Every structure is written in structure tokens, then in C-alpha cells.
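Every value quoted in this text rests on a predicted model; they were computed, and no experiment measured them. In the text below, chain A, chain B and the rest are named by the order of the sequence lines, each starting its count at 1.
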There are 2 protein chains.
Amino acid sequence: MENPFVRKMERHVRLAPEDRAILDGLARQHIRHVAGRQDIEGPHTEPYHTHLILDGWACRYKQFPDGRRAIVALLLPGDLCDPFAFRRGRMDHAIGALTPVTVARITPDQIGDAVRGRPAIEEGLCREMLATTAIHREWIASVGRRSAIERLAHLFCELHLRLTWAGLADGTTLPMPVTQPDLADALGQTSVHINRTLKELRSSGLVILRSRRLTIRDLDGLRERGLFDPAYLQPA
Amino acid sequence: MENPFVRKMERHVRLAPEDRAILDGLARQHIRHVAGRQDIEGPHTEPYHTHLILDGWACRYKQFPDGRRAIVALLLPGDLCDPFAFRRGRMDHAIGALTPVTVARITPDQIGDAVRGRPAIEEGLCREMLATTAIHREWIASVGRRSAIERLAHLFCELHLRLTWAGLADGTTLPMPVTQPDLADALGQTSVHINRTLKELRSSGLVILRSRRLTIRDLDGLRERGLFDPAYLQPA
DNA sequence: TTGGCAAACTAACACAGGTTGGCGCGCGTT
DNA sequence: AACGCGCGCCAACCTGTGTTAGTTTGCCAA
């Protein structure tokens with residue numbers, strides 16, 4: 001089983017064997033397990049470590065005083081949280097595990113060492129950050145202007161590609177270990193409506209979601225339904 | 001009148017006089033004027049230059065095939081668009097002028113030269129990018145979980161701080177040169193509803209918006225109404 | 001001054017999506 | 001086996017926001 005982080009980085013840049021070894025090393029030290037529904041990094045903390053997700057799904061979220069929760073990003077295996085978090089002081093949001101999660105803790109020094117004299121790694125990390133920002137922009141557009149079905153279809157398409165690139169999708173079938181309330185908080189809706197929308201996607205023959213696995217039955221159809229254009233995810 | 005870009009950078013890091021001169025130099029070369037409603041950088045182009053907004057307001061936006069437009073970021077004087085855009089290939093969105101705009105075109109080399117041997121500038125640019133990402137996250141939360149009034153109040157609070165830090169606000173009065181349809185596309189609503197919401201904010205005595213200027217009559221009240229916590233904008 | 005036009009503003013109506021409340025299943029615990 | 005409980009699922013109802021179709025205002029140009 002190959003490291004999903006390395007695998008993803010190789011989509012951005014060509015890595016020499018030593019590059020690969022260095023990145024792989026980051027994923028093998030300081031492993032930490034976090035139970036589902038627990039925070040990996042709480043709100044208002046002053047982060048020092050970066051986290052690399054090795055297994056399970058997590059999210060960035062903001063919680064309002066009255067309890068409303070907005071999930072602003074999904075973190076999948078191979079995703080790196082804030083390589084430069086330590087430069088910003090206090091967290092303005094939290095990072096929580098949606099499922100049981102395995103992460104590697106990485107120090108700023110380790111990032112610095114990995115980058116030094118390794119232009120491919122530097123370039124790869126830079127592109128990874130740009131890709132993350134592009135995803136953020138797409139989410140703003142989604143929540144702002146897509147309808148409920150479009151939003152859900154679009155998210156499924158995005159996750160399909162991201163998981164494929166991390167080596168975690170089985171063709172057109174992907175793990176989908178999150179609950180409907182989680183999807184609701186990610187898409188700015190209620191779980192009830194997510195349920196309705198899911199039913200509609202299912203009955204149009206586009207997807208099957210059962211026992212935490214999503215099967216896309218009609219990829220082109222789903223992409224059309226979600227106004228999905230993979231360009232924003234493509235590196236270069 | 002001081003350069004809003006330099007002014008903003010000084011919120012992130014302490015700049016030596018030479019740092020300041022270098023940054024100021026970037027803003028004085030290759031000036032370009034763009035009329036309102038024109039694209040500064042079209043969609044699907046392969047950008048080479050970075051743009052620094054010197055005057056006027058612009059936005060990043062995505063447009064769907066059926067015409068719907070989502071504004072995913074507002075660009076104010078002093079804002080730098082994509083210092084690393086050239087690393088990503090094709091644009092996944094467009095940058096458009098909302099008002100007549102003056103920009104400085106900056107090449108990748110110029111960025112490289114400015115950063116080389118100038119750790120304060122490097123650190124400042126890095127923090128500026130992190131702040132931009134934090135704004136993106138806050139927008140996702142806003143469009144996803146805030147009500148219409150909360151969203152508008154929150155946006156006004158954000159713009160108040162950003163413009164203040166760029167030296168463009170007069171205490172609690174700020175330029176607001178965008179139309180209601182523009183606000184609608186930025187907040188994921190219709191212009192009709194923006195109008196309704198504006199009326200409500202006005203009649204609760206929180207703001208006055210007249211002839212392209214916004215006056216905040218009750219800053220604390222507006223912040224409360226918008227669930228606004230300036231933490232996400234604060235550098236370190 | 002007048003005319004033209006974009007933008008602000010409004011009213012009436014429509015509907016997507018939120019709210020509430022309830023049922024049943026699967027699963028882990030005792 | 002029984003219990004608890006989170007989650008998926010559903011129906012009825014409600015409401016915030018969208019839609020449509022105007023009128024009014026303000027500003028620039030002739």
C-alpha cells in the first residue's frame with residue numbers, strides 16, 4: 001500500500017527517489033490516533049505541528065456560539081494541514097476527525113529540512129497549497145450559486161478525483177465514511193435535505209450510497225448535474 | 001498618500017526602509033488601467049503576471065454556463081492577486097474589475113528578486129497568503145451557515161477592517177463602490193434580497209449606505225449581528 | 001433643461017429548502 | 001435478549017429567499 005501523500009505529490013511534480021524517501025519518512029514518524037468526533041487541533045490553539053492525514057477523514061470547521069457548524073474543508077488521507085500554520089498564531093477554526101483518524105505530526109523544522117535543496121519538493125508543496133486554495137474557491141461558488149443537487153453532485157465528483165489521485169478509489173467506487181449531518185454542514189444545508197437530495201440522485205440512477213461506500217453509476221451524468229469541471233483540481 | 005500595499009504589509013512584519021522601497025517600487029512600474037466591468041485576467045488564460053491593485057475594486061469570480069456568477073473574493077487596493085499564479089497553468093476563474101481599476105503588473109522575476117535575501121518580505125508575503133486563505137474559509141462559513149442579514153453584516157465588518165488597514169477608511173465610514181447585484185453574487189443571494197436586507201440593517205440603525213459610501217453607525221451592534229470575530233483577519 | 005439609462009427600490013407571488021417530529025434499523029453494550 | 005442510541009429515512013408544514021415585473025431615483029450627456 002503506497003503512501004497517499006507521496007502519490008498525490010507525484011501528480012504535481014516528478015520526484016527523485018530521494019525526494020520520495022524524504023516525503024515517505026515524514027509519514028512514518030510521530031504517528032497519532034484520534035477517535036472519531038474528536039478534535040485534532042482545537043479552535044483558538046496556537047498550533048506548532050503540521051498534521052498529515054494517513055487514514056480516515058477529517059475536516060476544518062467553524063462553530064458559531066449558537067452551535068451551528070460550518071465545515072469549510074474536507075481532509076482526506078494524503079492531505080497536509082497548514083504547512084505554515086505556525087506562522088499565524090492562534091487558530092481561527094478547528095480541525096476535527098469525522099472518522100477515527102491516523103495522522104503524522106510534523107514539525108516546522110522537518111518541513112524546512114525536506115524543502116531545503118530539494119526544489120521538486122518545494123514546488124510540489126507550493127502547488128499543493130495552490131490546489132487547496134482552488135478547492136476553497138470552488139466551494140464558495142458551490143455554496144453560493146449551486147442548487148442542492150448540483151452541490152452534492154459536485155462534491156461527489158470532487159471527492160472522486162481526490163480519492164482516485166490518493167489511490168483510494170476503486171474505479172468509480174469510493175469510501176464515503178461521513179454521516180448525512182456531516183455532508184449537510186459541508187454543503188450549507190440540513191441533513192433532512194441532504195437525505196432528500198440523495199434520494200433524488202439515487203433515483204436518477206447517478207449514484208448508489210450504501211454502507212459508507214459511494215458508487216458512481218454515471219460519471220458523465222453526475223458531472224453534468226453538478227456543473228463539474230475538473231480544471232480547478234488539475235495541477236498545471 | 002501612502003501605498004496601501006506597503007501599509008498592509010507592515011501589519012504583518014516590521015519592514016526595513018529598503019524593504020519598503022522595494023515593495024513601493026513594485027507598485028510604481030507597469031501601471032495599467034482597466035475600465036469597470038472589464039476582465040483584468042480572463043477565465044482559462046495562462047497567467048504570467050501578478051497584479052497589484054492600486055485603486056478601485058475588483059473580484060475573483062466564476063461564471064457558470066447558464067450565466068450565474070459567483071464572486072469568490074473581493075480585491076481591494078493593496079491586494080496582490082496570486083503571487084504564484086504562473087505556477088498553476090490555466091486559470092480556473094476570472095478576475096474582473098467591479099469599478100474602474102488601476103493595477104501594477106508584476107512579473108514572477110520581480111517577486112523572486114524582491115524576496116531574495118529579504119526575509120521580512122518573504123515572511124510578509126507568506127502571511128498575506130495565509131490571511132487570504134483565512135478569508136476564503138470565513139466566506140465558506142458565511143455562505144454556508146449565516147443568514148442573509150448576518151452575511152451582509154459580516155461582510156461589512158470584514159471590509160471595514162481590510163480598508164482600515166489599507167488606509168482607505170475614514171474612521172467608521174468606508175467606500176462601497178459596488179452595486180447590489182455585485183453584493184448579491186458575493187453573498188450567494190439575489191439583488192432583490194440584498195436590497196431588503198440592506199433596508200433592515202438601515203432601519204435597525206446599524207449602517208447607512210448612500211452614494212457609494214458606507215457609514216457604520218453602530219460597530220459593536222453590526223459585529224454582533226454578523227457574528228463577526230476579527231480573529232481570522234489578525235496576523236499572528 | 002431634457003432624455004436616456006443604470007441602479008435602487010418595491011410589491012406579489014412562488015418555491016427550495018428548513019423545521020419538527022416520528023419511525024425503524026443496525027450495532028455495540030450489558 | 002434487551003436496551004440505548006446514532007443514523008437513515010420520511011411526511012407535513014413553514015418560511016426565508018428567489019422570481020418577476022414593475023416604478024422611482026440619480027446621474028451623465030447632449
Side-chain angles (χ1 to χ4, degrees), chain A residues 35-38 57 64 66-71 96-100 142-155 175-203 207-214 225-227, chain B residues 35-38 57 64 66-70 97-100 142-155 175-203 207-215 225-226:
Chain A
R37 316 269 133 204
Q38 295 302 306
W57 288 25
F64 295 140
D66 62 5
R68 277 178 284 178
R69 178 180 70 153
I71 290 180
L98 293 173
T99 70
S142 227
V143 182
R145 283 290 178 242
R146 273 185 253 257
S147 71
I149 318 189
E150 289 167 351
R151 254 180 256 186
L152 193 52
H154 189 276
L155 180 66
M176 186 65 55
V178 294
T179 66
Q180 294 182 8
D182 291 334
L183 287 175
D185 285 340
L187 296 178
Q189 295 180 281
T190 57
S191 60
V192 175
H193 202 60
I194 292 290
N195 190 286
R196 284 195 275 249
T197 307
L198 224 30
K199 189 162 95 175
E200 197 171 339
L201 279 182
R202 198 184 303 131
S203 66
V207 304
I208 300 171
L209 177 54
R210 212 179 41 210
S211 59
R212 323 258 106 155
R213 293 192 70 74
L214 178 80
R225 206 74 191 71
L227 299 162
Chain B
R37 315 269 134 203
Q38 296 300 307
W57 288 25
F64 296 139
D66 63 5
R68 277 177 283 178
R69 178 180 70 153
L98 293 172
T99 70
S142 226
V143 181
R145 283 289 178 243
R146 272 184 256 257
S147 71
I149 318 188
E150 288 166 352
R151 255 181 255 186
L152 192 54
H154 189 276
L155 179 67
M176 186 66 54
V178 294
T179 67
Q180 293 182 8
D182 291 334
L183 288 174
D185 285 341
L187 296 178
Q189 295 180 280
T190 58
S191 60
V192 175
H193 202 60
I194 291 290
N195 191 287
R196 285 196 273 251
T197 307
L198 223 31
K199 190 162 95 175
E200 197 171 339
L201 279 181
R202 198 183 303 129
S203 66
V207 304
I208 300 171
L209 176 55
R210 212 177 41 209
S211 59
R212 323 257 106 157
R213 296 191 68 74
L214 177 80
T215 299
R225 206 75 191 72

Rounded distance in Å - [atom1] ([X]) to [atom2] ([N]):
{"X": "B/L98", "N": "C/dA7", "atom1": "CG", "atom2": "P", "answer": "12 Å"}
{"X": "A/R212", "N": "D/dG6", "atom1": "CZ", "atom2": "P", "answer": "14 Å"}
{"X": "B/L209", "N": "C/dA7", "atom1": "CG", "atom2": "P", "answer": "14 Å"}
{"X": "A/D182", "N": "D/dG6", "atom1": "CG", "atom2": "P", "answer": "14 Å"}
{"X": "B/N195", "N": "D/dA21", "atom1": "CG", "atom2": "P", "answer": "19 Å"}
{"X": "B/R37", "N": "C/dA6", "atom1": "CZ", "atom2": "C1'", "answer": "10 Å"}
{"X": "B/R210", "N": "D/dC27", "atom1": "CZ", "atom2": "P", "answer": "11 Å"}

With sequence neighbours left out, which residue pairs that include part of residues 178-199 of chain A fulfil the salt bridge (charged side-chain N to carboxylate O under 4.0 Å, His left out) condition?
-> A/R37-A/D182, A/R69-A/D182, A/R69-A/D185, A/D185-B/R145
Is there a donor-acceptor pair under 3.5 Å between the side chain of [X] and the backbone N or O of [Y]?
{"X": "A/S191", "Y": "A/Q180", "value": "no"}
{"X": "A/S142", "Y": "A/R151", "value": "no"}
{"X": "A/R146", "Y": "A/L227", "value": "yes"}

So does B/K199 get a side-chain nitrogen or oxygen closer than 4.0 Å to the phosphate oxygens (OP1/OP2) of C/dT10?
-> yes
Between OG on residue A/S147 and CD on residue A/Q189, distance to nearest 0.5 Å | 8.5 Å
Classify every nucleotide of nucleotides 17-30 of chain C by which part a protein heavy atom approaches to under 4.0 Å, writing B for the base, S for the sugar-phosphate alone and - for neither, in 5'-to-3' order.
-> BBBB----------
Test A/R202 against A/T197 for side-chain contact (heavy atoms from CB on, under 4.5 Å), laying out the working first.
-> CA-CA 9 Å; A/R202 198 184 303 131; A/T197 307; over 6 Å; no
